[in-house]
Amino acid sequence: MDLKNKILKIQKLISLNKKSQAKDQCEKLIKKFPDNSFILNMYGLILQSIGRINESINYFEKAIFNQEDNYAAMNNLANSYRNIYEFKKSEDLYKNVIKNDPKNIKALNNYSNLKRKLNNYRDAKTLLLKALTIDESNVTILTNLVVCCQGLGEMTNAKNYAYKILEIEPLNTSAHKLLSSIVNYNKEPDHFNKMKKLLSEENLNNFSSSEKVQLFFAIGKAYEDIKDYENSYNFLSKANLIEKQKNSLNYSSIEKLCNNLVELFDTINLENFPKIESKKKNIFICGMPRSGTTLVEQIVASHGQISGAGEIHYLSKIINDNFMENDNFNKPKVLDEMSKTQNLLLEKYHSILNQHQFGNNLITDKAPQNFLWIGFIKLFLPNSKIIHCYRNPKDNCLSIYKNHFSSSTMFWAYDQKDIAEYYLSYSKLLEYWKTKFKNFIFDANYENIVSSPEKEVKKIISFCDLEWDPECLNFYKNKKTPVQTVSVSQANKPIYKSSVNSNEEYSKYLSGMFDILDRKL
């Protein structure tokens, strides 16, 4: 078999997701052709796809060394640097590719993704519009424009781009799902009818499981809009069942993590560690997903002295990479870092955050599941403020069940029992943190905020040691912080009450979840 056919065989293995076989075949080729830039780049892509990012960097660099104008390898190297939060290196590479190859759509798209990661949605949109002038029918670019416009609160533009995708690809379930998050089907039934036509046996047989999940979640939302809760639940349950079957993990891994955290902090003397100072201070807005964290960040980050970082996951990665071994905490490493005035977690966290180039020293981080790391925040980022968001448990758990999440850490979110048990583990850990660290955590109740916005928001701003800024109540107008989460549509509206007690409409379908909450809370 000649080299070309061997390469085609490896590419076929990659397309079939047979990454281990592709890796083995590629390694054999590298031994024969150690300076072949194309093969080195291909091997780097395989390593990148299986999470071996640092090794992939090595091979992309070799590919570029052997062929200076290998812009595909350069673009892939930039992606790897972006994955390990080396944003400056990543940006320089994207710029270099675009300078030398101005019509490189992949580089424009990936550079846009970096800009979004840095919360710079306006520059991200500009890059995508440039790519669109090169190929106006590029569905990937159009899809990212929908997401970008949503984040910027440009809902009409987002809707128009989604419709353009469907003109090109009527069966594009990702576009249907994006559109469903924007459209109110009480007022615009046409798209709903188009989605229902996709439910024919012929179409469903051709859809992948992931495509079915997107379509079913979208139709479930549409039925909810028209208040047909039985059909809404039927489609939501189908979507959740498919997603649940994709992985074998459940809430028990989170339960173990919570127990390990309690065990670790029960043995740590919190009195004897140096006072840590930092010019940059953080406001961590956390709680269950769908508990109001996006709303609270939009409110708080509208303050003139605060910058919003959005839902970033730097803290979790730093802790996992540096303080955990085989799912257990490295207590000696924790104690060692506690003894330092400039600890590893603080330095790494702010080093990544500084790349955002925020104008303020007070920055919000609204990754909901940072509730897990409140102990680490207290130890290593003690100047921080913790705002814990919570709402009616049944409304909260229902909202999780109704949504599809891109994060792999949300594997527990597609089963009624798993969601309820996760909620119980979260609730138990929060009580532990509040007992351990009195007055360090502010409880922000969603129902109180929507019923008395000014009163409750003033309490939050006071907790952050700031003067009142009336712009905090105009968050939906100023759109200062782009929204990156499934809450994007809600965050672009004034505070509303319709989601309070929303569980009542679904209660007879969710006994598997609600019975656990009733029994154990």
Checklist entry - Does the cation-pi check pass for Lys238 over Phe216, that is, NZ or CZ under 6.0 Å from the six-membered ring centre and within 45° of its axis? => result yes
Next on the checklist: Is there a side chain to side chain contact (heavy atoms under 4.5 Å, CB included) between Met155 and Gln150? Walk through the geometry before answering.
Outcome noted: CA-CA 6 Å; Met155 292 304 177; Gln150 279 187 299; 4.1 Å; yes
Checklist entry - Can you tell me if Asn109 and Asn144 form a side-chain donor-acceptor pair at under 3.5 Å? => result yes
Checklist entry - Less than 6.0 Å separating the ring centroids of Phe284 and Tyr349? => result yes
Item to check | Heavy-atom side-chain contact between Phe217 and Phe235 under 4.5 Å | outcome: no
Checklist entry - With a 3.5 Å cut-off and no angle check, do the side chains of Asn120 and Asp123 form a donor-acceptor pair? => result yes
Next on the checklist: Show every ring pair (Phe, Tyr, Trp, His ring centres under 6.0 Å) that has at least one partner inside residues 155-184, sequence neighbours left out.
Outcome noted: His176-His191
Checklist entry - Heavy-atom distance under 4.5 Å between the side chains of Ser351 and Lys348, does that happen here? => result no
Next on the checklist: Salt bridge or not between Lys88 and Glu91? Use side-chain N to carboxylate O under 4.0 Å.
Outcome noted: no
Next on the checklist: Could you walk me through whether Leu132 and Leu142 satisfy the side chain to side chain contact (heavy atoms under 4.5 Å, CB included) test, starting with their C-alpha distance in whole Å, then the side-chain angles of each, then the deciding distance to 0.1 Å, before giving a yes or no?
Outcome noted: CA-CA 8 Å; Leu132 206 61; Leu142 289 166; 3.7 Å; yes
Checklist entry - Has the side chain of Asp225 got a donor or acceptor atom that lies under 3.5 Å from a matching backbone atom of Tyr185? => result yes
Checklist entry - Counting only N and O atoms by type, is there a donor-acceptor contact under 3.5 Å from the side chain of Thr293 to the main-chain atoms of Pro289? => result no
Checklist entry - Side chains of Ser90 and Arg82: donor-acceptor distance under 3.5 Å anywhere? => result no
Next on the checklist: Is it the case that the side chain of Ser80 and the backbone of Leu77 share a donor-acceptor pair, with hydrogens and angles ignored and the cut-off at 3.5 Å?
Outcome noted: no
Checklist entry - Between Asn75 and Asn104, does any side-chain donor sit less than 3.5 Å from a side-chain acceptor? => result no
Item to check | Pair Glu154 + Lys125, salt bridge at N-O below 4.0 Å | outcome: yes
Checklist entry - Any sub-3.5 Å donor-acceptor pair from Ser112's side-chain atoms to Ala124's backbone N or O? => result yes
Checklist outcome for this item: Note: Ile10 and Gln25 closest approach over all heavy atoms is CG1-CB, 3.7 Å
Item to check | Pair Asn96-Asp92, side chain to side chain donor-acceptor pair (under 3.5 Å): steps then yes or no | outcome: CA-CA 6 Å; Asn96 192 34; Asp92 288 345; over 6 Å; no
Item to check | Set of residues satisfying salt bridge (Lys or Arg N to Asp or Glu O under 4.0 Å) with respect to Glu27, sequence neighbours excluded | outcome: Lys23
Checklist entry - Between the side chains of Asn240 and Asp415, is a donor N or O closer than 3.5 angstrom to an acceptor N or O? => result no
Next on the checklist: Under a 3.5 Å threshold, yes or no: a donor from one side chain and an acceptor from the other, between Asn193 and Asp190?
Outcome noted: no
Item to check | Pairs involving residues 78-105, ordered by first then second residue, that meet ring pair (Phe, Tyr, Trp, His ring centres under 6.0 Å) (sequence neighbours left out) | outcome: Tyr85-Phe87, Tyr85-Tyr314, Tyr94-Tyr111
Next on the checklist: Any non-hydrogen side-chain atom of Cys464 less than 4.5 Å from a side-chain atom of His303?
Outcome noted: no
Next on the checklist: Assess whether a salt bridge exists between Glu169 and Lys164, defined as any Lys/Arg side-chain N lying under 4.0 Å from an Asp/Glu carboxylate O.
Outcome noted: no
Checklist entry - Looking only at atom types and distance, does a side-chain atom of Thr143 sit under 3.5 Å from a main-chain N or O of Val139, one as donor and one as acceptor? => result yes
Next on the checklist: What I want to check is whether the side chains of Asp69 and Gln67 have a donor and an acceptor closer together than 3.5 Å.
Outcome noted: yes
Checklist entry - Quick one: does Ser399's side chain have a donor or acceptor within less than 3.5 Å of a partner on Asn396's backbone? => result no
Checklist entry - Would Asn70 and Ser37 count as having a side-chain donor-acceptor pair, cut-off 3.5 Å? => result yes
Item to check | side chain to side chain donor-acceptor pair (under 3.5 Å), paired with His404, selected from Lys177, Glu243, Lys221, Gln214 | outcome: Glu243
Next on the checklist: Donor-acceptor pair, distance only, cut-off 3.5 Å: does the side chain of Arg290 make one with the backbone of Tyr401?
Outcome noted: no
Next on the checklist: Test of understanding: with ring pair (Phe, Tyr, Trp, His ring centres under 6.0 Å), list the residues that count as partners of Phe358, not counting sequence neighbours.
Outcome noted: His356
Item to check | Validation row: Ile165, Ile168 side chains within 4.5 angstrom (heavy atoms) | outcome: no
Checklist entry - For Gln357, does the CD atom have more than 12 heavy-atom neighbours from other residues, nucleotides or ligands under 6.0 Å away? => result no
Checklist outcome for this item: All heavy atoms of Phe371 vs all of Gly287, minimum pair found to be CD2-O, 3.6 Å
Checklist entry - Can you check whether Leu345 reaches Leu315 side chain to side chain, under 4.5 Å on heavy atoms? => result yes
Checklist entry - Are any of the side-chain heavy atoms of Leu362 and Leu466 separated by less than 4.5 Å? => result yes
Next on the checklist: So that I can tick it off, tell me whether Lys244 and Asp418 are bridged by a salt bridge, with the cut-off set at under 4.0 angstrom between side-chain N and carboxylate O.
Outcome noted: yes
Next on the checklist: Quick check on the 6.0 Å ring-centre criterion: do Phe323 and Phe376 meet it?
Outcome noted: yes
Item to check | Polar contact flag, side-chain donor to acceptor under 3.5 angstrom, Lys246-Ser210 | outcome: yes
Item to check | side chain to side chain contact (heavy atoms under 4.5 Å, CB included) assessment of Ser232 paired with Asp228 | outcome: CA-CA 6 Å; Ser232 174; Asp228 184 343; 6.0 Å; no
Item to check | Pair listing, ring pair (Phe, Tyr, Trp, His ring centres under 6.0 Å) test, anchored in residues 39-71, at least two apart | outcome: Tyr43-Tyr59
Next on the checklist: Pair Lys366, Thr294 - check side chain to side chain donor-acceptor pair (under 3.5 Å), show working.
Outcome noted: CA-CA 7 Å; Lys366 68 126 291 192; Thr294 298; 2.7 Å; yes
Item to check | Mutual orientation of the aromatic rings belonging to Trp412 and Tyr422 [parallel < 30°, tilted 30-60°, perpendicular > 60°] | outcome: parallel
Next on the checklist: Would you say Glu297 and Thr364 are linked by a side-chain donor-acceptor pair, where the criterion is simply a distance under 3.5 Å?
Outcome noted: yes
Next on the checklist: Under a 3.5 Å distance rule, please check whether Ser316 uses its side chain to pair with a backbone N or O of His313 as donor and acceptor.
Outcome noted: no
Checklist entry - Is the number of heavy atoms from other residues, nucleotides or ligands within 6.0 Å of CD (Glu136) greater than 12? => result no
Checklist entry - Do you see a donor-acceptor pair shorter than 3.5 Å between the side chains of His350 and Asn282? => result yes
Next on the checklist: Taking the side chain as everything from C-beta on, heavy atoms only, tell me whether Ile419 gets closer than 4.5 Å to Leu398.
Outcome noted: no
Checklist entry - With a 4.5 Å limit on heavy-atom distance, are the side chains of Ile363 and Ile283 in contact? => result no
Checklist entry - Counting only heavy atoms not in Lys385, do more than 12 sit closer than 6.0 Å to its NZ atom? => result yes
Item to check | Main-chain N/O of Ala367 paired with Asp365 side-chain donor or acceptor, under 3.5 Å | outcome: yes
Checklist entry - Taking Ser291 for the side chain and Met288 for the main chain, is one N or O donor matched with an acceptor at less than 3.5 Å? => result yes
Show me the side-chain donor-acceptor pairs of residues 194-203 shorter than 3.5 Å, one per line, residues at least two apart or across chains.
unit_1 : atom_1 : unit_2 : atom_2 : d
Ser200 : OG     : Asn203 : N      : 3.3
Ser200 : OG     : Asn203 : ND2    : 3.2

Next on the checklist: Please determine whether side chain to side chain donor-acceptor pair (under 3.5 Å) holds for the pair Asn66 and Asn36, giving the CA-CA distance in whole Å, both sets of side-chain angles, and the decisive distance to 0.1 Å.
Outcome noted: CA-CA 7 Å; Asn66 285 288; Asn36 186 300; over 6 Å; no
Checklist entry - Between Asn83 and Asn79, does any side-chain donor sit less than 3.5 Å from a side-chain acceptor? => result no
